Engineer: 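Just dropping this structure here.
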Amino acid sequence: QVRLVESGGGLVQPGGSLRLSCAASGNIDSHSVMGWYRQAPGKQREKVVLIRSGGVSNYAESVRGRFTISRDNGKNTVYLQMNNLKPEDTAVYYCVACRGWHKSDCAYWGEGTQVTVSA
């Protein structure tokens, strides 16, 4: 059984920061890519950023320079530092574990954590 458990979401003002964490349990050794997708109301779920176990990352252009992903391979834990948050960042953020870089490669998904950016 694989579980991904997110934490760290909440309400923040524009320009503020949040740090999300995702702890994976179970065997995800074959899923070397972890990271985050998000889904805003009425929109498609979209990639935020993914990171391979070796550290290579792949950011959406909308968050590049503002968000930073990191991971602890030994703990199978991934983090997302979100700075200079904007209202358009408001979404449910989902942790993922994937075999590759594409959405179809992501076999495991967390339940999601709400991030709301509002004054």
Side-chain angles (χ1 to χ4, degrees):
Q1 180 183 358
V2 172
R3 273 212 311 157
L4 305 176
V5 180
E6 304 102 331
S7 62
L11 174 65
V12 65
Q13 294 185 359
S17 298
L18 286 173
R19 183 174 176 85
L20 305 183
S21 298
C22 171
S25 61
N27 189 354
I28 59 167
D29 291 346
S30 64
H31 293 70
S32 61
V33 176
M34 294 185 67
W36 301 88
Y37 278 71
R38 68 186 182 187
Q39 187 166 24
K43 296 185 177 180
Q44 299 270 48
R45 193 170 297 187
E46 65 178 0
K47 182 189 72 177
V48 180
V49 57
L50 299 173
I51 184 170
R52 290 190 64 90
S53 59
V56 175
S57 59
N58 187 341
Y59 289 86
E61 291 300 319
S62 60
V63 307
R64 190 183 302 274
R66 299 188 298 120
F67 292 9
T68 303
I69 192 169
S70 60
R71 67 184 292 174
D72 183 330
N73 291 325
K75 297 181 179 179
N76 281 333
T77 300
V78 65
Y79 307 92
L80 183 65
Q81 179 66 46
M82 303 185 294
N83 297 327
N84 192 24
L85 283 160
K86 303 176 179 180
E88 53 261 43
D89 296 317
T90 296
V92 176
Y93 284 69
Y94 296 90
C95 182
V96 296
C98 319
R99 299 180 68 91
W101 295 110
H102 304 289
K103 186 177 180 181
S104 60
D105 297 322
C106 302
Y108 302 110
W109 296 75
E111 293 295 320
T113 185
Q114 178 71 49
V115 172
T116 301
V117 184
S118 179

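Everything quoted here is computed from the prediction, not taken from an experiment.
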Engineer: With clusters built from Ile, Leu, Val, Met, Phe, Trp and Tyr whose side-chain heavy atoms come within less than 4.5 Å, directly or transitively, what are the remaining members of the cluster of I28, listed by chain and number?
Structural biologist: V2, L4, V12, L18, L20, M34, W36, V48, V49, I51, Y59, V63, F67, I69, V78, L80, M82, L85, Y93, Y108, V115, V117
Engineer: If the condition is side-chain hydrogen bond (donor to acceptor under 3.5 Å, both in side chains), which residues does D89 pass it with, not counting sequence neighbours?
Structural biologist: R38, R66
Engineer: Do S53 and R71 meet the criterion of a side-chain donor-acceptor pair at a distance under 3.5 Å?
Structural biologist: no
Engineer: By side-chain hydrogen bond (donor to acceptor under 3.5 Å, both in side chains), which residues pair with Q39, not counting sequence neighbours?
Structural biologist: R45
Engineer: For residues S118 and P14, report the shortest heavy-atom separation together with the two atoms involved.
Structural biologist: C-CD, 3.6 Å
Engineer: Mind checking what makes side chain to side chain contact (heavy atoms under 4.5 Å, CB included) contact with S70, not counting sequence neighbours?
Structural biologist: R19, Y79
Engineer: Can you list the other members of the hydrophobic cluster that holds V56, where links are side-chain heavy atoms under 4.5 angstrom apart?
Structural biologist: V33, Y37, L50, V92, Y94, V96, W101, W109
Engineer: Report the distance from atom CD of Q81 to atom OG of S21, rounding to the nearest 0.5 Å.
Structural biologist: 9.5 Å
Engineer: Give, for atom NZ of K47 and atom NZ of K103, the distance between the pair rounded to the nearest 0.5 Å.
Structural biologist: 12.5 Å
Engineer: How many angstroms lie between CD in Q114 and CG in L11, if you round to the nearest 0.5 Å?
Structural biologist: 9.5 Å
Engineer: For A40, check side chain to side chain contact (heavy atoms under 4.5 Å, CB included) against everything at least two apart and list the hits.
Structural biologist: K43, A91
Engineer: Between N76 and A24 (side chain of the first, backbone of the second, donor and acceptor by atom type, cut-off under 3.5 Å), is there such a pair?
Structural biologist: no
Engineer: Which atom pair, heavy atoms only, marks the closest approach of S30 to R99?
Structural biologist: OG-NH1, 3.1 Å
Engineer: If every non-hydrogen atom of A97 is compared with every non-hydrogen atom of H31, which pair is closest and at what distance?
Structural biologist: O-CD2, 3.7 Å
